[in-house]
Structures are given as structure tokens and as C-alpha cells.
Protein chains: 2
Amino acid sequence: MNPISKAEENHLKAIFNLCEETGKRASTNAIAKIMQTKAASVTAMIIRLSGKEIPLVNHQKHKGVRLTEAGKKLATNLIRKHRLWETFLVEKLNFSWDEVHEIAEELEHIKAEKLIDRLDEFLGRPKFDPHGDPIPDADGNFTFRKQILLTDLAENQAAVVVGVLDDSPSFLQYLNKLKLVLGSKVQILERVEYDGSNRILLNDQQEQVLTNKVCQNLYVKTL
Amino acid sequence: MNPISKAEENHLKAIFNLCEETGKRASTNAIAKIMQTKAASVTAMIIRLSGKEIPLVNHQKHKGVRLTEAGKKLATNLIRKHRLWETFLVEKLNFSWDEVHEIAEELEHIKAEKLIDRLDEFLGRPKFDPHGDPIPDADGNFTFRKQILLTDLAENQAAVVVGVLDDSPSFLQYLNKLKLVLGSKVQILERVEYDGSNRILLNDQQEQVLTNKVCQNLYVKTL
DNA sequence: TACTATTTTTAGCCTAATCTAAAAAATATT
DNA sequence: AATATTTTTTAGATTAGGCTAAAAATAGTA
């Protein structure tokens with residue numbers, strides 16, 4: 001009956017992300033960890049979400065939870081809003097990609113659909129956000145792109161950075177320092193067995209050493 | 001200790017507006033009317049606000065309430081955020097001036113100060129919002145402007161519309177129909193005693209009849 | 001002034017969303 | 001398989017922010 005609350009929305013998002021990542025039903029504990037609450041609170045929330053006139057989650061006692069179609073619709077729309085706001089913050093307000101997550105986390109709960117439509121239009125209906133993640137359209141459809149992790153790129157194969165797997169501020173700030181941004185051209189010159197490092201040619205100019213950990217968190221698209 | 005809540009913020013805003021309008025302490029009933037709650041709830045909220053480490057309101061039992069300096073600071077900042085968002089919605093997202101209040105009502109509660117600074121900059125540090133109301137700067141200072149109500153304009157004196165007193169959607173939509181917007185040039189040709197109407201010259205072109213009620217809600221600045 | 005009407009406060013209840021502690025179920029380990 | 005560990009749920013409490021109904025204070029009027 002009441003409009004969906006911020007807490008409810010955040011739970012849906014957590015469940016959506018967990019199910020996407022693992023391909024399985026989301027566990028109470030895992031949700032609690034993301035939400036920074038306790039398992040008991042999650043159970044209570046799940047019961048509320050599954051008890052709605054139109055249930056948003058499907059719950060089997062002790063067997064985890066998954067979203068119903070209605071729940072997925074809502075979660076996808078939240079992701080859409082989050083990523084559009086992040087794009088706005090970077091493109092229009094000159095925030096850097098490591099600063100926008102927290103603010104978008106608040107903005108995504110603004111309800112007015114017309115606002116999001118207009119924002120989308122204002123931004124030129126972008127398909128990807130500042131971290132290279134796809135922005136679902138108003139119907140919830142994501143744009144896919146054949147991208148691989150830099151780890152999996154063949155030696156000497158030229159590619160462009162199109163996204164990050166880890167979007168934590170610390171990783172993003174490190175990339176800033178390396179001047180490694182979305183659109184940067186990369187090519188693996190050599191995989192060094194000795195220390196698991198990788199000699200990279202960046203933008204056809206400078207040579208750069210990246211650890212495997214970094215390469216495992218960068219999505220690239222071959223040219 | 002906790003950050004101030006949306007409900008608390010809205011009460012502060014209501015108290016601020018009431019005190020500005022009346023010049024007196026705000027009454028419990030008046031606040032309840034604005035907040036669409038009951039007097040008892042307002043009393044409870046007032047007690048909370050006045051009981052903070054740094055009290056936000058000054059309450060004397062049965063004698064109404066007024067904001068402390070800390071409360072004023074917060075209320076002013078809310079008004080700043082509200083008016084900046086309204087400006088954004090009209091200037092950048094092409095909303096019309098009658099649509100923006102509700103959405104700004106939500107956006108104003110977003111906490112990040114940096115966001116507002118950047119938004120202000122993006123908009124070119126505007127001094128007035130789409131309804132002609134002044135936007136306080138980051139220190140809470142309003143820009144004043146010598147403006148009078150259209151009712152008080154001398155006959156044949158040329159002036160420009162700079163704001164509205166009533167900013168309800170219905171009034172704003174009516175003005176839209178009359179093609180009477182901020183910046184429109186107006187001149188009173190004749191005050192008709194008979195029915196309290198006013199013959200106006202609009203933009204040096206067309207003649208228009210406005211009732212006193214409309215004239216009482218339009219701010220103009222003489223040329 | 002004394003009575004009436006209005007306004008404000010108090011008292012007690014309710015729901016959403018959290019918590020802790022304990023019970024129950026599922027999973028893992030000898 | 002029996003037991004130990006982990007996970008999930010239940011039970012009961014708390015806090016914010018609302019409500020209603022009744023009591024108390026203030027204001028208005030005969």
C-alpha cells in the first residue's frame with residue numbers, strides 16, 4: 001500500500017546484486033553484511049518484502065531469498081537511477097569517479113520518474129556509467145558489450161579500458177594516479193612470471209607495470 | 001548525535017517560514033497544519049529539537065517556538081538547496097515552474113555539501129530561483145531587491161515581473177496560460193473600480209485583464 | 001469576572017526498522 | 001551417524017515519528 005521505503009529498496013538492491021554475482025538465492029548473512037545490519041533484521045525485512053500484496057521477494061525458510069519479477073523491476077530501476085546520477089555527477093558537476101558512489105546512493109531513492117527520464121535525456125541517454133557499468137534503459141534492459149578482464153588479454157593485443165570490476169574509491173584513486181582511465185589504450189608487453197607483474201604499454205606512449213590484482217579488476221575491449 | 005532527519009528538517013523549515021511571515025513565534029497548530037500532522041506530534045518534535053546538544057529551537061510551553069541560530073542556519077541551508085534544485089530542474093531539465101516544488105522537496109534533503117557547491121557553480125551561482133525567490137549563498141545571506149506587489153504599482157508606471165507570492169501550481173499554471181512569466185513587462189493601464197479588475201499592457205503589445213487577486217500575488221520591479 | 005472555546009500538552013498506543021539473546025534448522029566434522 | 005559449528009529464525013526490547021483522547025493552560029466573551 002505505502003510507497004516502498006529506502007530500507008526496503010536497499011535490501012532489494014543487495015539481493016539483486018548477490019543473486020547476479022552468485023547465480024544462487026541470497027543468504028540472510030550475506031545480505032546483512034552488505035546492509036551493515038544483523039541477520040535477524042534481514043529476516044524481518046524479508047518477511048515484510050515477501051508479505052506485500054505484490055510480493056517483491058520469494059522466501060523459503062532457511063534456504064535464502066530471490067527477487068520476484070516485481071522485485072527485479074524495482075531493483076533494476078534503482079540501478080538505473082544510481083548510474084544515471086553517477087554519470088551526472090561526473091559529466092556535469094566534475095566529480096571524479098571515486099567520489100560519486102556515496103552521493104548517488106542517496107539520490108537513487110528520489111521517487112519522481114519524470115525526473116529520471118529528463119535526467120537521462122539531459123545526459124544524452126548514456127549506456128554506461130563513469131565506471132563502465134551498463135545503465136539499464138527505462139524498461140530494465142542492459143546493454144552488453146564483449147569485454148574481458150585485462151588478465152585474459154593476449155600478449156601484444158591492443159585493447160581499451162572500458163570498465164572496472166572493483167569500484168572502491170581506493171582502487172579508483174590509484175588508477176587516477178596511473179592516469180589510467182576509461183578509454184585508455186592498453187597492450188600487454190610481457191607477463192613477468194617472477195613477481196606476477198605485467199609490463200603494459202599505455203596509450204602507445206609510456207610503459208607501466210601493473211600487478212595481477214590490478215589487471216584482474218580492469219575490463220578491456222580488444223580493438 | 002545522529003545526523004538531522006528529514007522530519008526534523010521539515011519542521012525547522014516550517015518554523016522558519018512561519019516566523020518570517022508573522023514575525024512571531026510559531027504556534028504548534030500552525031506548524032501541524034503545514035506538516036500535515038497533528039498538534040501532539042508537533043509538540044513531541046519540538047521537544048526533540050529543543051533537547052539536542054545544540055538546541056535547534058527555543059520552546060516556551062504554550063507560547064510557541066522560534067529557531068535558535070543553529071536552527072536558522074540549518075533552515076536557511078535547506079532553502080538554499082531547495083531553490084538551487086528548483087533552478088536546476090527548470091534551467092537544465094526543462095521542467096516548468098509549476099512542477100518543480102514537489103521534486104525539490106525531496107532533493108533538498110540530500111546531505112552532501114560538496115554536491116550543492118558544485119550544483120551552485122554549475123548553475124552559475126544564481127541569485128533567484130524560478131519563482132523569483134532569492135537563493136541564499138553558502139553563508140546564508142539572501143539577496144534583496146526592491147520589489148513591490150503589482151497591486152501597489154502606480155498607473156502607467158512600467159515594470160517587470162520578478163517573482164510570485166503564491167507559488168501554488170494552480171496559480172503558476174494560470175500565469176503560463178496568460179504567457180505571463182518572470183521578466184514579462186507590465187504596465188497598469190486602468191484600475192477598474194466596478195469589478196476590481198485591472199487593465200494591463202503586457203510586453204508593450206497585448207492588453208490583458210488581471211483580477212486584484214492575481215495582482216496581489218505578483219512581484220514587480222519598476223523600470 | 002466567570003464561563004466557554006481554543007490551543008497546547010500529556011499519556012498511552014502503533015508501526016517501521018533496528019537490536020540482542022536464545023532456539024531451531026542446516027551444514028560440516030570427526 | 002553423532003556431534004559440533006554455523007546459519008537462520010523467533011522472541012522480546014528499543015527508538016523515531018506518527019496517532020487519539022483527555023487534561024491543562026491560554027484566550028475570548030457574556
Once you round it to whole Å, what is the distance between [atom2] of [N] and [atom1] of [X]?
{"X": "His59(A)", "N": "dT7(D)", "atom1": "NE2", "atom2": "P", "value": "16 Å"}
{"X": "Gln60(B)", "N": "dT8(C)", "atom1": "CD", "atom2": "C1'", "value": "14 Å"}
{"X": "Ile4(A)", "N": "dA16(C)", "atom1": "CD1", "atom2": "P", "value": "13 Å"}
{"X": "Lys63(A)", "N": "dA26(C)", "atom1": "NZ", "atom2": "P", "value": "7 Å"}
{"X": "Met45(A)", "N": "dT9(D)", "atom1": "CE", "atom2": "C1'", "value": "16 Å"}
{"X": "Lys24(B)", "N": "dA27(D)", "atom1": "NZ", "atom2": "P", "value": "11 Å"}

Worksheet entry | Sugar-phosphate only, base, or nothing, as touched by Ala44(B) at under 4.0 Å among non-hydrogen atoms |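 Since no nucleic acid heavy atom lies under 4.0 Å of Ala44(B), the category is nothing.
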Practice prompt. For Thr37(B), report the nucleic acid contact type (base, sugar-phosphate, nothing); a contact means any heavy atom under 4.0 Å.
Written response: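 The residue Thr37(B) makes sugar-phosphate contact but no base contact.
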Applying side-chain contact (heavy atoms from CB on, under 4.5 Å), can you list everything that pairs with [X], at least two apart in sequence or on another chain?
{"X": "Asn77(A)", "value": "Arg80(A), Lys81(A), Glu113(A)"}
{"X": "Val164(B)", "value": "Trp97(B), His131(B), Asp167(B), Phe171(B), Leu172(B), Leu175(B), Leu218(B)"}
{"X": "Ala154(B)", "value": "Gln157(B)"}

Practice prompt. Name all pairs fulfilling the salt bridge (Lys or Arg N to Asp or Glu O under 4.0 Å) condition that reach into residues 87-110 of chain A, sequence neighbours left out, sorted by first residue then second.
Written response: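 Listed by first then second residue: Lys13(A)-Glu105(A), Lys13(A)-Glu108(A), Glu99(A)-Lys114(B).
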Worksheet item: Quick one: salt bridge (Lys or Arg N to Asp or Glu O under 4.0 Å) pairs with a partner in residues 127-146 of chain A, sequence neighbours left out?
Response: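 Output for this query lists Arg83(A)-Asp129(A).
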Worksheet item: Which residues in residues 5-23 of chain A have at least one heavy atom lying under 4.0 Å from any atom of DNA chain D?
Response: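 Correct list: empty, so none.
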Worksheet item: What are the residues of residues 26-34 of chain B, sorted by number, that bring a heavy atom to within less than 4.0 Å of DNA chain D?
Response: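 Close to the strand, none.
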Discussion item. For Phe88(A) and Phe88(B): C-alpha separation, side-chain torsions, deciding distance, then whether ring pair (Phe, Tyr, Trp, His ring centres under 6.0 Å) applies.
Written reply: CA-CA 12 Å; Phe88(A) 168 71; Phe88(B) 168 71; 5.2 Å; yes
Worksheet entry | For Asp195(A), side chain to side chain donor-acceptor pair (under 3.5 Å) partners two or more places apart |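 Asp195(A) satisfies side chain to side chain donor-acceptor pair (under 3.5 Å) with Ser197(A) only.
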Worksheet item: side chain to side chain donor-acceptor pair (under 3.5 Å) with Arg25(A): which residues, sequence neighbours excluded?
Response: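 Arg25(A) satisfies side chain to side chain donor-acceptor pair (under 3.5 Å) with Asn58(A) only.
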Please tabulate, one pair per line, all N/O donor-acceptor pairs under 3.5 Å involving side-chain atoms of residues 60-72 of chain B, not counting sequence neighbours.
from, atom 1, to, atom 2, distance (Å)
Thr68(B), OG1, Pro55(B), O, 2.8
Thr68(B), OG1, Leu56(B), O, 3.2
Thr68(B), OG1, Ala70(B), N, 3.4
Thr68(B), OG1, Gly71(B), N, 3.1
Glu69(B), OE2, Lys72(B), NZ, 3.3

Fill in: Contact check, side chains of Leu210(A) and Ile188(A), non-hydrogen atoms, under 4.5 Å
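No; the side chains remain at least 4.5 Å from each other.
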Show every donor-acceptor pair shorter than 3.5 Å between a side-chain atom in residues 31-47 of chain B and any protein atom, with sequence neighbours excluded, or say none if there are none.
from, atom 1, to, atom 2, distance (Å)
Thr43(B), OG1, Ala39(B), O, 3.2

Close N/O contacts between protein and nucleotides 20-25 of chain C (under 3.5 Å):
from, atom 1, to, atom 2, distance (Å)
dT20(C), OP2, Lys38(A), NZ, 3.3

